[in-house]
Amino acid sequence: GLLEARVVAAARELPASAIQYLDPPEPNYPRASRRLGEAGLVVVRVFVGADGMPKQLQVVQSSGFVRLDEAAIEGVRRARFRPPTENGQPTAGWARIPIPFELEK
């Protein structure tokens with residue numbers, strides 16, 4: 001509810017070292033994007049709960065292609081994180097996950 005929303009808004013960025021995956025993001029490269037030569041980097045900001053589940057996701061850097069941005073969000077949404085800890089205590093916070101879409105040469 002409202003309290004949770006406030007907690008999420010106030011939460012800090014997790015250091016990269018706190019981001020470990022049980023299941024890393026494996027976004028599907030949309031077939032249409034591949035055919036059209038769409039490529040780029042999407043940076044997804046994700047709120048990782050103390051249980052390691054992605055709670056909220058937003059695109060903070062767009063690839064310039066809606067299809068790729070949506071595929072990146074989906075990929076991160078399906079990822080599972082090792083619950084983040086700080087000084088041995090479970091914590092929660094925002095992480096930035098870069099998702100590159102590169103066409104094979």
To the nearest 0.5 angstrom, please state how far the [atom1] atom of [X] sits from the [atom2] atom of [Y].
X: D23; Y: R82; atom1: CG; atom2: CZ; value: 10.5 Å
X: L36; Y: R31; atom1: CG; atom2: CZ; value: 13.0 Å
X: N28; Y: R34; atom1: CG; atom2: CZ; value: 9.5 Å
X: T85; Y: Q20; atom1: OG1; atom2: CD; value: 8.0 Å
X: K55; Y: F47; atom1: NZ; atom2: CZ; value: 8.5 Å

Practice task
Could you tell me whether a side-chain N or O of D51 sits under 3.5 Å from a main-chain N or O of P83, the two making a donor and an acceptor?
Solution key: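 Pair absent, no side-chain N/O of D51 close to backbone of P83.
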
Practice task
For N87 and Q89, indicate whether the former's side chain and the latter's backbone hold a donor-acceptor pair under 3.5 Å.
Solution key: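 The answer is no, because no donor-acceptor pair under 3.5 Å joins these two groups.
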
State, yes or no, whether a side-chain contact exists between [X] and [Y] at a heavy-atom distance under 4.5 Å.
X: P24; Y: R80; value: no
X: V42; Y: I73; value: no
X: Y29; Y: L103; value: yes
X: L68; Y: P30; value: yes
X: P100; Y: L41; value: yes

Exercise for the section: Following the transitive rule for hydrophobic clusters with a side-chain heavy-atom cut-off under 4.5 Å over Ile, Leu, Val, Met, Phe, Trp and Tyr, establish whether I19 and I99 coincide in one cluster. Expected result: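 Yes; I99 is reachable from I19 via cluster members.
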
Problem - Joint cluster assignment, V46 & M53, ILVMFWY side-chain distance < 4.5 Å - result: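 In one cluster with V46: M53, no.
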
Practice task
Could you tell me whether R77 and E70 make a salt bridge, using a distance below 4.0 angstrom between a side-chain N and a carboxylate O?
Solution key: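 Salt bridge flag = no for E70 with R77.
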
Problem - E26, CD: over 12 other non-hydrogen atoms inside 6.0 angstrom - result: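 Result for CD/E26: open.
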
What's the shortest heavy-atom distance between [X] and [Y], and which atoms?
X: V43; Y: R96; answer: CG1-CB, 4.1 Å
X: V76; Y: P54; answer: O-CG, 3.7 Å
X: P27; Y: A71; answer: CB-O, 3.6 Å
X: G49; Y: P84; answer: O-CD, 3.5 Å

Exercise for the section: Over 60° means perpendicular and under 30° means parallel, so classify the ring planes of Y21 and F81, tilted if in between. Expected result: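 Correct class here is tilted.
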
